[in-house]
Amino acid sequence: MKHVSGISGGVLLLVVAAALSALLVCSGRGPVSDPALAFAHVGAGRRVEVAYRAWRERDEAAGGKISVRLGWSKAFSTEFTRATGRATIDPERGTLRVEVAGLEDPKAHEVWLVDDVPGPGKSARPETGDRTLKAGTLVARGSKGILEADLRDRLAGFEVDAVVVTRAGTDPTSSGLLFGTASLFQRMARSAREGEGKGGATDLDRLVAKGADLFFNETFAGNGRTCGSCHPSENNLTIDPAFIATLPARDPLFVAEFVPELARNFEKPELMRKAGLILENVDGFDDLETRFVLRGVPHTLAMSTSITAPPPTGDEPVVLPAERTGWSGDGAPGSGTLREFANGAVRQHFTKTLRREPGTDFRFATEEELDAIEAFTLALGRDEDPDELEDVRFRSPLVARGRDIFEADDAEGGTVAAGKCDQCHAEAGASVSFVPGGFNFNFDTGVERIPDSMGDLIDAPSNPPDGGLGSAPNPGGGFGDGTFNTPSLVEAADTPPFFHNNAIGTLEEAVGFYNSAAFNNSPAGRFLADPRTGVAIRLDATQVAAVAAFLRVMNALENIRSSTEFAVSAKEAGHARAARALLRLAIADARDGVEVLECAGLHPAASTALREAVSLLGKASDACFAFKRRARIERALRALERAQEDMVEGPSPLAGRGERGPI
Ligand code: HEC
Ligand code: HEC
């Protein structure tokens, strides 16, 4: 009896132990609401490092000088100005050269250098406690203001974080007109010069992880929004009416609906809910009642491929913005960089009141936080455009024809209709093909003149004309030169609605837009017009469908690339929680692939395989034991491969090449 009960006691113990260990393994479950955790484990620092090395090569070719462009800063400027400039520092020689155009009285302005000193309550804005150095007063030369200064002794030990142009007699900690800041890469190069050895993939992994945490969780002491409020990870870092409809009524996205101080002139709630539009004061905060535009939220994927500004032409002293961000390519005034975008966004979207008083209504990010956010945004999505799309063997004749039309630029003698898309969206990315070097241009393609856009139909008076790049009054209404920035198209199919004003809801209709009078009569349309017919682009309905099918398949292939990357990282992740956070993103991408294909009835076998991957990744996420999770991920990866093989023969154009390939 004793013996028997001993045995059953042992069995019981075993059962309890097994249950306990299952519980322990499963304890990593629970809601994984933190996408930052996923980005901490995806090894994305390597991407930033590759981009940094490419930048270093260019920088060394340019002589290692630090060059920052100067402009009105949405975040920091204390008054609005259209003036722009450039500051070039030669660290070897200790010289500074500044050139500013557009100031009424250049000699009434001074140039300051700022070395940010971190401390409690401090931010990247020039503040009391920072080291400042007055480099000198501008001298009028022609229409420009120039300063040439020898700062040799004074620059020793001084780290230039910002260059500021102020009115003479004021100092940059209290006011300033033009701002420019050193980028993450310039700062990394400086650390390397000074032997601090920052860089390397591990350091960068940590920096990207910190950036992800800030992006998704930091409210900057504001109204409760985070960057992720408008750029959520599970919705391709953008929002649209369908996603907005899933949010609870008190989501901070809707602060204008329940915070009385933000009820007027902060958002247009109806346009946000029904058309996914966000209010932006891109031309300054001086006149909130009339000076604003409504824009869709662009995804922040593949940023490293889509922000390189074209080089100056002729003897233009400066070309602003330094990087092409936002729909007008100047979403981040100041020097216009991706880095400065973050603080511009904080002032625009995070404030508790319309006074927008830093320290009271929100806090600005610190230089360290800007480093992290910049690294994170550079690590998102693809880091290179496809190569040689014309050689890709698409299995669907419709898709192959769509590719040919997309690339064809001359109807004369050609056998396919000329879509001319590749001229501005080279290899389905965001760079032009008529100037080599991967530059991202702005064009006026007539989108502002689309009749019956969604925003206008809902509430035209709250949706004023958007003048695009710059801030000079536009004859067509609004402020700017009428041009908008070219977005990448690989990510288009799963990020509707389309264009800067979310005017169009489906990809097919967005392609069809290029047939319209609005496009063909636009400056870009007239430029591309065939001299005999006066028409730039005219595609039949079948051809529109073919081009859209091509873009859908490109997007699905990118979904597979990205899903694979997250799934492989999940397989390797040591922690169950991290694995689940990664799997969530892998699942979201695979689901997007299904949607993008099924919407147009393309590649049913690929969407079946993608559905299977979604289901297996979901089961992997539910697995209590690591070995089970890994086995299911393995099977999901094979399903993703099958989906890809159904669409292309041979390597995917999104698979990446060499060291910049998928992680
Ligand atoms: C309330 C919504 C909202 C919030 C919050 C928000 N953004 Fe945005 N974001 C937008 C909109 C709208 C645009 C387009 C702006 C434009 O065209 O000028 C944009 C554009 C961008 C772009 C440019 C993308 C491109 O393709 O050029 C970046 C980068 C970006 N946001 C980063 C951030 C960061 C970093 C934060 C947090 C500090 C943030 N955003 C918070 C709505 C938002
Ligand atoms: C002259 C340059 C130019 C040409 C040619 C061109 N595009 Fe565009 N494309 C742009 C610009 C600029 C935008 C952004 C316009 C805006 O929002 O105001 C854009 C936006 C788009 C969008 C919306 C993307 C999004 O995420 O909202 C799609 C889709 C698109 N283009 C497809 C095409 C196709 C297909 C063709 C060929 C039939 C083509 N484009 C030809 C410059 C061009």
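Index from 1, following the sequence. One-based numbering, in listed order, for ligands and for the atoms of each.
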Run the salt-bridge test on [X] and [Y] with the 4.0 Å N-O cut-off and return the result as yes or no.
X      : Y      : result
Asp383 : Arg47  : yes
Arg225 : Glu218 : no
Asp371 : Arg339 : yes
Asp161 : Arg187 : yes
Asp444 : Arg449 : yes

Do any nitrogen or oxygen atoms of [X] come within less than 3.5 Å of a nitrogen or oxygen of ligand 1?
X      : result
Trp327 : yes
Thr300 : no
Val346 : no

May I ask whether [X] has any heavy atom positioned less than 4.0 angstrom from an atom of ligand 1?
X      : answer
Ile239 : no
Gly296 : yes
Met303 : yes
Gln348 : no

Query - His425 near atom 8 (Fe) of ligand 2 via N/O/S, less than 2.8 Å - result: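 Looking at His425, which is the residue asked about, there is an N, O or S atom under 2.8 Å from atom 8 (Fe) of ligand 2.
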Need the ligand 1 atom indices (1-based, order shown) with element for anything under 4.0 Å from a heavy-atom of [X].
X      : result
Ile373 : 35 (C)
Thr325 : 27 (O)
His299 : 26 (O)
Glu280 : 10 (C), 11 (C), 12 (C), 13 (C), 15 (C)

Numbered atoms and elements of ligand 2 in range of Leu528, under 4.0 angstrom, heavy atoms: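 Every atom of ligand 2 under 4.0 Å from some heavy atom of Leu528: 5 (C).
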Check your understanding: Which of the numbered atoms in ligand 2 are below 4.0 angstrom from a heavy atom of Ala524?
Key ->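 Within the 4.0 Å cut-off of Ala524, ligand 2 contributes 1 (C).
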- [ ] Any chance you could lay out the side chain to side chain donor-acceptor pair (under 3.5 Å) test for Thr483 and Asp481, step after step, and finish with the verdict?
- [x] CA-CA 6 Å; Thr483 68; Asp481 65 3; 2.8 Å; yes
Do ligand 2 and [X] have nitrogen or oxygen atoms that lie under 3.5 Å from each other?
X      : value
Lys420 : no
Phe499 : yes
Thr495 : no
Thr486 : no

Looking at [X] versus [Y], is the centre-to-centre ring distance below 6.0 Å?
X      : Y      : answer
Phe362 : Phe220 : no
Phe484 : Phe443 : no
Phe215 : Phe39  : no

Distance from [atom] to nearest protein heavy atom, with residue and atom:
atom                    : answer
atom 37 (C) of ligand 2 : Cys421 SG, 1.9 Å
atom 3 (C) of ligand 2  : Cys424 SG, 2.7 Å
atom 13 (C) of ligand 2 : Pro487 CD, 3.4 Å

Is Arg250 close enough and on-axis enough to Phe258, meaning under 6.0 Å and within 45°, for cation-pi?
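Yes, a cation-pi geometry holds between Arg250 and Phe258.
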- Quick one: does NZ or CZ of Arg273 land under 6.0 Å from the six-membered ring centre of Phe254, within 45 degrees of the ring axis?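 Yes, Arg273 sits over the ring of Phe254.
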(Q) Checking contacts here: is it the side chain or the backbone of His500 that comes within 4.0 Å of ligand 1, counting heavy atoms only? Could be both or neither. (A)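 Near ligand 1, His500 shows nothing, with every heavy atom at 4.0 Å or more.
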Exercise for the section: Using a 4.0 Å heavy-atom cut-off, say whether Asn485 meets ligand 1 through its side chain, its backbone, both or neither. Expected result: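 Asn485 to ligand 1: no contact under 4.0 Å from either part.
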Only heavy atoms count here, so choose which of [options] is nearest to [atom].
atom                    : options                        : value
atom 25 (C) of ligand 2 : Phe443, Phe550, Phe484, Phe498 : Phe498
atom 14 (C) of ligand 1 : Ala342, Gly326, Ser328, Pro298 : Pro298
atom 32 (C) of ligand 2 : Thr445, Leu489, Val432, Ile405 : Leu489
atom 41 (C) of ligand 2 : Tyr514, Phe519, Phe513, Phe527 : Tyr514

Q: List the steps, then state whether side chain to side chain donor-acceptor pair (under 3.5 Å) holds for Asp589 with Ser562.
A: CA-CA 7 Å; Asp589 270 321; Ser562 180; 2.6 Å; yes
Check step by step if side chain to side chain donor-acceptor pair (under 3.5 Å) holds for Ser73 and Glu340. CA-CA 8 Å; Ser73 164; Glu340 283 167 59; 4.9 Å; no
Tell me whether atom 8 (Fe) of ligand 1 has Cys227 as a neighbour, meaning an N, O or S atom of it below 2.8 Å.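 False for Cys227.
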Passes salt bridge (charged side-chain N to carboxylate O under 4.0 Å, His left out), Arg561 versus Glu491? Steps please.
-> CA-CA 12 Å; Arg561 185 204 63 74; Glu491 292 80 7; over 6 Å; no
Residue among Met303, Glu427, Arg382, His425 satisfying side chain to side chain contact (heavy atoms under 4.5 Å, CB included) with Ser488:
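Exactly one option meets the side chain to side chain contact (heavy atoms under 4.5 Å, CB included) with Ser488, and it is Arg382.
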In this structure, are over 12 heavy atoms from other groups packed under 6.0 Å from Met454 atom CE?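 Counting other residues, nucleotides and ligands, CE of Met454 stays at 12 neighbours or fewer.
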